[in-house]
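Excluded from the calculations below are hydrogen atoms, water molecules and symmetry mates; all remaining heavy atoms, backbone and side chain alike, are included. Since the model is a prediction, treat every value here as computed from it, not as a measurement. Reminder, nothing fancy here: chain letters follow the sequence lines and each chain counts from 1.
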Amino acid sequence: MTIYDTMARAARVFAPRVPPRVGLFVCGLTPYADAHVGHGRSFVFFDTVARALRRWGYRVFYVQNVTDLDDKVIARAAETEADPLALSDRHFLAFVRSMHRLGATAVNYYPYATVYVPEIIDQIRELVRRGDAYPTEDGSVYFSVAKYANYGRLSGQKVEALLPGARLEADPRKRAPEDFVIWKAATPGEPEWESPWGPGRPGWHIEDTAITTRLFGPRYDIHGGGIDLIFPHHEAEVALAESATGEAPLVNYWMHAGMLTMRGEKMSKSVGNVSSLDDAIDRFGAPVLRFFYLNSGYRSPLDFDPDRSLAEAREGFERMARPADRVWELLERDGPERTGRALTDGEESEVEAVVERLDETMANDFNTREAIAQLFGWSRRVTEWLPQRNELSGEALEMLYAPYAWAQEVLGFFPPSSTARAGAWAAVVPVVLQARARARARGDYAEADRIRDELKATGVELEDDATGTRWSSPGA
RNA sequence: GCCAAGGUGGCAGAAUGGUUAAUGCGACGGACUGCAGAUCCGUUUCUUGGGGGUUCGAUUCCCUCCCUUGGCUCCA
């Protein structure tokens, strides 16, 4: 399989350092506000990466850090008079709930940065000892960019070119304007930890390297994140970790997910054009949202139009999922032991070829879009089988379902959805349907349509076909 | 100004050094249906941002220009 590596600016064959183990680290969010649709994109993508790697037999240890304390958390907490750590804790838990609703459950461990303060201090101490970082009189510590020769390799930036940059402010405490803070001297009233340089708290970049050095050692396989993090954050991570450990490269494969834009502009809390992730899940459901995200190349920008994007994704997803549902219904009702005809050898190898191709497609730098195109092709094929589906054995039906099972495993679509027709509705709706069937039988279509309309008003949708009436309650 | 990623049909968005450039959405017509829905058939549509080069052949590789977005010490 190949992965596009940002450092190499090319697709490279993937080879873990210690197969079959894979260390995967993805920059998580700073939980000072609710997650938005843009966050969902990259986290769903990396969830899919971990799912695919696991399917292929890799033992993935997926770590996603939580920046539970930084300037924004403190600022937001000050506005609401809340404790900063309690504020980020609350938002993080909400974020994890959203991720679970999205089926993004591949993460093994979400380390809070503040839990790793001892490791952070150790790493800073090592950098200072080596002369790569220096404390200042006020009790902060800065990393000396000039001491790291490869600074700029990941992002393509040159240090000289940074100087005219918009936000580099002259700071008398810094030896060079490009130096960045790794330990921030305490401000009264803010959370602080004791350190050799006085009370303070960690800088952003060093949190991740202290965590990954502790959990993975000086080198690991894959580091992911949004493309907006390449500079300065990931550039700084490389410099810090490689300086502190003396080993390189820190990361073998750098993966960056493209931005989600809102009508052409990056969705972000700073811009203020955010659309709540939970609202999107509420309105369209996790499968539609995952479909929307994965229906594009992960490195390309993806535009989100709240009026159109998810409605369009829903149409597409339903077309793809409908034949899967028809097969699943029978399996759910009769179980895999149901009797009937088996697939022919030719049909079986057809299914196997489809699944094999899906794996090959994903192995090409996680080409989820192409995999989805293939699933559409499979749905067209399954539609041809549907008229005779009642004659098929459970085993045959399971084979027809195999590409969808693949999608469930890797892309996270098609969650087992038996609940949709369960509960109180399951008892009541069939009675109503019988009444409607009698009305239709005697030609009273006005009554039949009235029942259909009234059910629809409660969220229950009906579809008539040759075998009877099917109902569904998407909101259930 | 510097760095990076994008630019493909009405829209979203793939792919490839080589037959008709996917897939989906939308629209239109038809079949089926009591109607609706679903499904099927057909139609609709791109010479792949502009220019130049390499090549027998490029949308794909190279150069250059333009545009959009992201980054340039807050960010998925």
*Any sub-3.5 Å donor-acceptor pair from A/Ser296's side-chain atoms to A/Phe292's backbone N or O?*
no
_Distance, P atom - from B/A12 to B/G18, rounded to whole angstrom_ = 27 Å
*Within 45° cone of A/Tyr32 ring axis and under 6.0 Å: A/Lys269 NZ or CZ*: yes
*For A/Glu463 and A/Val145, take the nucleotide of RNA chain B holding the closest heavy atom to each; which residue's nucleotide lies nearer the 5' end?*
A/Glu463
*Taking the same atom, C1', in B/U8 and in B/G50, what whole-Å distance lies between them?*
15 Å
*Checking all strands, does A/Met267 fall into the base, sugar-phosphate, or nothing category for heavy-atom contacts under 4.0 angstrom?*
base
*In whole Å, what is the span from the CG atom of A/Asp453 to the P atom of B/G37?*
13 Å
*Is the distance from OP1 or OP2 of B/C74 to the nearest side-chain N or O of A/Thr67 less than 4.0 Å?*
no
*Mind checking A/Gly38 for me? I need base, sugar-phosphate or nothing, with any heavy atom below 4.0 Å counting as a touch.*
base
*Could you walk me through whether A/Ser276 and A/Asp278 pass the side chain to side chain donor-acceptor pair (under 3.5 Å) check?*
CA-CA 5 Å; A/Ser276 155; A/Asp278 273 328; 5.5 Å; no
*Looking across every strand, which nucleic acid part, if any, lies under 4.0 Å from A/Thr6 by heavy atom: base, sugar-phosphate, or nothing?*
nothing
*Please give, in whole Å, the distance from B/C72 P to A/His205 NE2?*
10 Å
*asked:* Whether the A/Asp179 and A/Tyr134 side chains hold a donor-acceptor pair (N or O, under 3.5 Å, no angle test) is what I'd like checked.
replied: yes
*Using atom types as modelled and distance alone, determine if a side-chain donor or acceptor of A/Arg41 lies under 3.5 Å from a backbone N or O of A/Gly258.*
yes
*asked:* I'd like to know if A/Arg440 reaches the base of B/G34 with its side chain such that a donor and an acceptor end up less than 3.5 angstrom apart.
replied: yes
*asked:* Nearest whole Å is fine: how far is B/A38 P from A/Asp325 CG?
replied: 14 Å
*asked:* Quick check: any donor-acceptor pair below 3.5 Å linking the side-chain of A/Lys72 to the base of B/C74?
replied: yes
*Is the NZ or CZ atom of A/Arg263 positioned over A/Phe304's six-membered ring, under 6.0 angstrom from the centre and within 45° of the axis?*
no
*Do A/Asp70 and B/C74 share a donor-acceptor pair, side chain to base, under 3.5 Å?*
no
_I'd like to know if the side chain of A/Tyr293 and the backbone of A/Val37 have a donor-acceptor N/O pair within less than 3.5 Å._
yes
*In whole angstrom, what separates A/Arg322's CZ from B/G37's C1'?*
8 Å
_Side-chain H-bond candidate by donor/acceptor type, A/Tyr62 with A/Gln64, under 3.5 Å_ = yes
*With A/Arg201, the salt bridge (charged side-chain N to carboxylate O under 4.0 Å, His left out) member among A/Glu207, A/Glu190, A/Glu192*: A/Glu190
*Does the ring of A/Phe231 lie flat against the base of B/G71, closer than 5.5 Å centre to centre with planes under 30°?*
no
_Rounded to whole Å, please give me the gap between CZ in A/Arg470 and P in B/U39._
12 Å
*So does A/Arg9 have more than 12 non-hydrogen atoms from other groups sitting under 6.0 Å from CZ?*
yes
*Any salt bridge between A/Arg436 and A/Asp464, counting N to O under 4.0 Å?*
yes
Would you be so kind as to tabulate the donor-acceptor pairs closer than 3.5 Å made by side chains of residues 374-382 of chain A, with sequence neighbours excluded?
residue: A/Gln374; atom: OE1; partner: A/Thr361; partner atom: OG1; Å: 3.3
residue: A/Gln374; atom: NE2; partner: A/Thr361; partner atom: OG1; Å: 2.8
residue: A/Trp378; atom: NE1; partner: A/Leu400; partner atom: O; Å: 2.9
residue: A/Ser379; atom: OG; partner: A/Met320; partner atom: O; Å: 2.6
residue: A/Ser379; atom: OG; partner: A/Tyr404; partner atom: OH; Å: 2.7
residue: A/Arg381; atom: NE; partner: A/Glu350; partner atom: OE2; Å: 2.5
residue: A/Arg381; atom: NH1; partner: A/Glu384; partner atom: OE1; Å: 2.9
residue: A/Arg381; atom: NH2; partner: A/Glu350; partner atom: OE1; Å: 3.2

*Remember a base hit wins even if backbone is also touched, and classify A/Phe180 as base, sugar-phosphate or nothing at under 4.0 Å, heavy atoms.*
base
*Do A/Thr469 and A/Glu463 meet the criterion of a side-chain donor-acceptor pair at a distance under 3.5 Å?*
no
Restricting both atoms to N or O, compile the protein contacts to nucleotides 25-28 of chain B shorter than 3.5 Å, with distance only.
residue: B/C25; atom: OP1; partner: A/Arg319; partner atom: NE; Å: 2.7

*Mind calculating the distance between CG (A/Asp464) and C1' (B/C32) to the nearest angstrom?*
14 Å
_Under-3.5 Å donor-acceptor pair between A/Asn295 side chain and B/G24 base_ = no
*asked:* Any base atoms under 4.0 Å from A/Asp449, or only sugar-phosphate, or nothing? Heavy atoms, all strands.
replied: base
*A/Gly28 near the nucleic acid: base, sugar-phosphate alone, or nothing, with a heavy-atom cut-off under 4.0 Å?*
sugar-phosphate
*Take atom CZ in A/Arg283; do more than 12 heavy atoms of anything else shown fall under 6.0 Å from it?*
no
*Inter-nucleotide P distance (B/C62, B/C46), Å rounded*: 28 Å
_Nucleic acid contacts - residues 379-391 of chain A versus RNA chain B, non-hydrogen atoms under 4.0 Å_ = A/Arg380, A/Thr383
*For atom CZ of A/Phe317 and atom C1' of B/U23, their distance in whole Å*: 16 Å
_Can you see if the side chain of A/Ser300 gets near the phosphate of B/A14 - specifically, an N or O under 4.0 Å from OP1 or OP2?_
yes
*Measure from the side chain of A/Arg9, starting at C-beta and using heavy atoms only, and say which of B/A12, B/A4, B/A76 lies closest.*
B/A4
*What would the secondary structure line of RNA chain B be in dot-bracket form, counting Watson-Crick and G-U wobble pairs under 3.5 Å, with [ ] for pairs that cross earlier ones and | for pairs with another strand?*
(((((((..(((.....[....)))((((((.......))))))....(((((..]....))))))))))))....
*Do A/Asp365 and A/Thr2 have side-chain atoms, one donor and one acceptor, less than 3.5 Å apart?*
no
*Taking CG from A/Asp365 and P from B/A5, how many angstroms apart are they, rounded to a whole number?*
14 Å
*With a 4.5 Å heavy-atom cut-off, do A/Val66 and A/Ser88 have their side chains touching?*
no
Would you list the protein and nucleotides 62-70 of chain B atom pairs, both N or O, that sit under 3.5 Å from each other?
residue: B/G70; atom: OP1; partner: A/Lys266; partner atom: N; Å: 3.2

*Least distance between heavy atoms, A/Ala402 atom then A/Val351 atom*: CB-CG1, 4.0 Å
*asked:* Can you confirm whether or not the ring centre of A/His234 sits under 6.0 Å from the ring centre of A/His256?
replied: yes
Kindly give the atom pairs (protein nitrogen or oxygen, nucleotide nitrogen or oxygen) under 3.5 Å for nucleotides 15-18 of chain B.
residue: B/A15; atom: OP1; partner: A/Asn367; partner atom: ND2; Å: 3.2

*asked:* Check the phosphate of B/G6 against A/Arg299, side-chain N and O only, distance under 4.0 Å to OP1 or OP2. Yes or no?
replied: yes
*Just checking A/Ile230: base, sugar-phosphate only, or nothing, at a heavy-atom cut-off of under 4.0 Å?*
nothing
*Evaluate ring-ring contact (aromatic ring centres under 6.0 Å, His included) for A/Tyr253 paired with A/Phe14, printing each intermediate quantity in order.*
CA-CA 8 Å; A/Tyr253 302 87; A/Phe14 179 63; 5.0 Å; yes
*Provide the distance between the two P atoms, one in B/C61 and one in B/G7, to the nearest whole Å.*
11 Å
*B/A36 base to A/Arg452 side chain: any donor-acceptor pair below 3.5 Å?*
yes
